[in-house]
Structure formats: structure tokens, C-alpha cells
Amino acid sequence: MAYLIVNSENQLYKIASNDTEKNNQNCTIPPYSTIDISDADFLKIKQNLVNIIISGETASFTDLDFTDYSFSETSLKEYHKDVIQSLTYFMDVNKEHPFWNEANDYRSFLQSFDYASLSLPLTTTWEKYCQDNSITYIHPLQIP
């Protein structure tokens, strides 16, 4: 079972694939709350393939349209820069956290990524590309 972690304004705050990830987030439940979701829905969220609508204690998902979607090298580098920054902020203050090694591995991967290996523009999300190519990745909402 996977989880959405929601703040007191009923907005999505984090995602977790299991109880361990949920319990390792740097938030306290309550005031945060969780919504149970299926593993299939979690995977769609992790790949940035759906829009999430939260209403009370339930969530619904709408598939996103990728008909005219493209990620240029410049926009992908900017996205990676933001993810690297989030990972670094987490790692700098959480050196003993169980997620630290996973965060470090993904940050190192992004820092050394060879953009020439991609067929650009990328016509799907970065996370979907990783999933399709068996690349271990972290969605930004999984970073504690």
C-alpha cells in the first residue's frame, strides 16, 4: 500500500510507496494526514502522469495529456538542477537519515548524467523515461 501525505490545507505534501517511506518523511502525522492509494496509482504519480484532486480523505486521478509535451535539454537540465538542490538540502541536514544513501546515489546520477544519450526533445516526463529504461529514480515528493 502506498500513501499520499496531505497538509492541513488538504494539499499534497509528499508521497510514499510504503509504510517505511511514510514513517521516514520529515513530517508528523497529525497535523499531516495520509490517504491510502494503490501501488498502481502511486506509480502513475511517481511518473508524473496524473493530476491529483484531493477531497477530504479521498483522492482522484486524471491522466495528463502528453500530445504536445516535450522536454528540451535546457528545461531538463533546469529540472535536474532543482531536484539536485532539493536532494542536497535534505542531505546536508539529515546525514543519519535512512534515505541519505538513496538520495546521494540519485544526486550523483543526475550530476553526471550524459544528456547526449537522450533523444531530445523528451516527449514524456523524466520519471516516465527513467521507469521505461529501468533507471532508479526519486520523485521530488519522495524527498523527506
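This chain uses plain numbering: 1 for the first residue, then up along the sequence.
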Just grab all the salt bridge (charged side-chain N to carboxylate O under 4.0 Å, His left out) pairs involving [range], residues at least two apart or on different chains.
range: residues 118-134; result: Lys128-Asp132
range: residues 71-89; result: Glu73-Lys77
range: residues 14-23; result: Asp19-Lys22
range: residues 88-112; result: none

Which residues satisfy the side chain to side chain donor-acceptor pair (under 3.5 Å) test with [X], sequence neighbours excluded?
X: Ser72; value: Ser75
X: Asp65; value: Thr67
X: Asn10; value: none

Listed partners of [X] passing side chain to side chain contact (heavy atoms under 4.5 Å, CB included), at least two apart:
X: Ser117; answer: Phe113, Asp114
X: Tyr69; answer: Phe66, Phe71, Thr125
X: Ser38; answer: Ala40, Asp41
X: Ala103; answer: Leu87, Phe90, Met91, Phe99

If you compare all heavy atoms of [X] against all heavy atoms of [Y], which two are closest, and at what distance to 0.1 Å?
X: Ala59; Y: Ile52; value: CB-CG2, 4.4 Å
X: His97; Y: Asn24; value: NE2-O, 2.6 Å
X: Tyr3; Y: Asp36; value: CE2-OD1, 3.1 Å
X: Trp100; Y: Asn94; value: CD1-O, 3.3 Å

Is it the case that one hydrophobic cluster holds both [X] and [Y], taking links as side-chain heavy atoms less than 4.5 Å apart, direct or via other members?
X: Ile37; Y: Val6; value: yes
X: Tyr89; Y: Ile138; value: no
X: Val50; Y: Ile5; value: no
X: Ile15; Y: Ile29; value: no
X: Leu110; Y: Leu120; value: yes

Check: Which pairs count as ring pair (Phe, Tyr, Trp, His ring centres under 6.0 Å) when at least one residue sits in residues 8-34, sequence neighbours excluded?
Finding: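 Only Tyr13-Tyr32 qualify under ring pair (Phe, Tyr, Trp, His ring centres under 6.0 Å).
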
Are [X] and [Y] packed together at the side-chain level, in the sense that at least one heavy-atom pair is separated by less than 4.5 angstrom?
X: Tyr106; Y: Ile84; value: no
X: Phe109; Y: Thr136; value: no
X: Leu49; Y: Leu43; value: no

Item checked: Heavy-atom donor-acceptor pair, Gln142 side chain to Tyr137 backbone, under 3.5 Å ->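 No, the answer is negative, given that no donor and acceptor are paired below the 3.5 Å cut-off.
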
Can you tell me how far [atom2] of [Y] sits from [atom1] of [X], rounded to the nearest 0.5 angstrom?
X: Ser86; Y: Leu141; atom1: OG; atom2: CG; answer: 9.5 Å
X: Thr124; Y: Asn48; atom1: OG1; atom2: CG; answer: 9.5 Å
X: Asn26; Y: Ile143; atom1: CG; atom2: CD1; answer: 11.5 Å
X: Lys46; Y: Asp39; atom1: NZ; atom2: CG; answer: 11.5 Å
X: Leu76; Y: Ser70; atom1: CG; atom2: OG; answer: 11.5 Å

Check: Of Thr34, Thr58, Leu12, which is the lone residue that meets side-chain contact (heavy atoms from CB on, under 4.5 Å) with Leu4?
Finding: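 With Leu4 as partner, side-chain contact (heavy atoms from CB on, under 4.5 Å) holds for just one option, Leu12.
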
Margin query: Just checking Glu57: does its CD atom have more than 12 heavy atoms from other residues, nucleotides or ligands closer to it than 6.0 angstrom?
Written below: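 Not more than 12 within 6.0 Å, no.
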
Checklist line | Aromatic centroids of His80 and Tyr115 separated by under 6.0 Å | finding: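 Between His80 and Tyr115, which both carry aromatic rings, the centre distance is below 6.0 Å.
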
Note to self: Val83 vs Trp126, test: side chain to side chain contact (heavy atoms under 4.5 Å, CB included). Steps then yes/no.
What the structure shows: CA-CA 11 Å; Val83 174; Trp126 166 250; over 6 Å; no

